[in-house]
Protein chains: 2
Amino acid sequence: MRELLTSDGKCPVETALELIDGKWKGVALYHLLGETLRFNELRRRIPQVTQRVLTKQLRELERDGLLTRTVFAEVPPRVEYRLTELGESLKPIILALRQWGAEYRARQDSPHQESGDAAAKAAA
Amino acid sequence: MRELLTSDGKCPVETALELIDGKWKGVALYHLLGETLRFNELRRRIPQVTQRVLTKQLRELERDGLLTRTVFAEVPPRVEYRLTELGESLKPIILALRQWGAEYRARQDSPHQESGDAAAKAAA
DNA sequence: CGGCATCCCCTCGGATACTG
DNA sequence: CAGTATCCGAGGGGATGCCG
């Protein structure tokens, strides 16, 4: 399951990806960049996610130290989610992913055919 | 921060993450950065992955335009995997993830925590 | 408001065996 | 060498209902 390859690179990529692995984690992190949000505010920004799943993924992000969950002892309850310094340090990556994703989508529409030229280069 | 929703109302961050979602895709992409590798060369670099899964994830990456798969009509067969321009454009992100992952693990060792708990022992 | 509890389905990833 | 073909268990993610 877990191989701790420390220095030789490679594995850190896996480590990082595991932390943001979860259907909605990336988007949640994105919306939390530089912003503190309550549970339902976050839900409103990610309409497709269900409460259960959002809760679960937020808890995992909390467990992994990417965000903090602050419960206010009020009625009605208020719970605020906010990125930790560690979570905020993902900002360049998240923004890069956003840009890359946007460009990818743009390429889908544009006539930028990659062609299905096949493995015609197969030698004799 | 602007929404930047794509045509199907999906966040670009999500789009990007979907493409590299898959237990071994990130590592595979990492190993293919600037390098053309044969199937078994890739396997050797990711010893934990099984044949079936590696094949599947590589095919998905190919389908999504991140790499090319070139089959040489030889005996024994030779299949080379190589990142497309689009795949190579992920390089800064992959490298950033690698660095971030390394720093994350470094932080695990040195007690720099701020939110007291979450230090639950990972019971097997 | 912001959760749990429960049920369920379906995909992902792994193990093993066979083939062109 | 580089794959398919099966089979399988785990769990991620969704739907719904109840609660402090």
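Residue numbers begin at 1 in each chain, while the letters A, B, ... track the order of the sequences. Hydrogens, waters and symmetry mates are skipped; everything else that's a heavy atom, side chains included, is used. Values in this document were obtained by computation on a predicted structure and should not be read as measured data.
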Q) Which part of the nucleic acid does A:Q57 contact within heavy-atom distance under 4.0 Å: base, sugar-phosphate only, or nothing? A) sugar-phosphate
(Q) Counting the atoms with a prime plus P, OP1 and OP2 as sugar-phosphate, which does B:Y81 contact under 4.0 Å by heavy atoms, base, sugar-phosphate, or nothing? (A) sugar-phosphate
Q) Has the side chain of B:Q51 got a donor or acceptor that lies under 3.5 Å from a partner of the other kind on the base of D:dG3? A)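 Present.
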**Q.** Check: A:R52 side chain, D:dG13 base, donor-acceptor under 3.5 Å
**A.** yes
Rounded distance in Å - [atom1] ([X]) to [atom2] ([N]):
X     : N      : atom1 : atom2 : value
B:E18 : C:dC12 : CD    : P     : 11 Å
A:I46 : C:dG2  : CD1   : C1'   : 15 Å
B:L54 : D:dT4  : CG    : C1'   : 14 Å
A:E41 : C:dG2  : CD    : P     : 8 Å
A:E80 : C:dC1  : CD    : C1'   : 13 Å
B:D21 : C:dG13 : CG    : C1'   : 12 Å
A:R69 : C:dG2  : CZ    : C1'   : 8 Å
B:R44 : D:dA2  : CZ    : P     : 8 Å

Q.
Using a 6.0 Å cut-off, check whether atom CD of A:E103 has over 12 heavy atoms from anything other than its own residue.
A.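 Yes, because the 6.0 Å sphere around CD of A:E103 holds more than 12 heavy atoms from other groups.
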Taking the side chain of [X] as heavy atoms from C-beta outward, which of [options] is closest to it?
X     : options              : value
A:N40 : D:dC1, C:dC1, C:dG3  : C:dC1
B:T55 : C:dG2, D:dA2, D:dG3  : D:dG3
B:V53 : C:dG13, D:dC1, D:dT4 : C:dG13
A:P77 : D:dG3, C:dG14, C:dG2 : C:dG2
B:V79 : D:dT4, D:dA2, C:dG14 : D:dA2

Q. Does B:R43 have a side-chain nitrogen or oxygen under 4.0 Å from the phosphate oxygens OP1 or OP2 of D:dC1?
A. no
**Q.** B:R78 vs A:K56, nearer the 5' end of DNA chain D by closest nucleotide
**A.**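 By nearest-heavy-atom nucleotide position, the 5'-most residue is B:R78.
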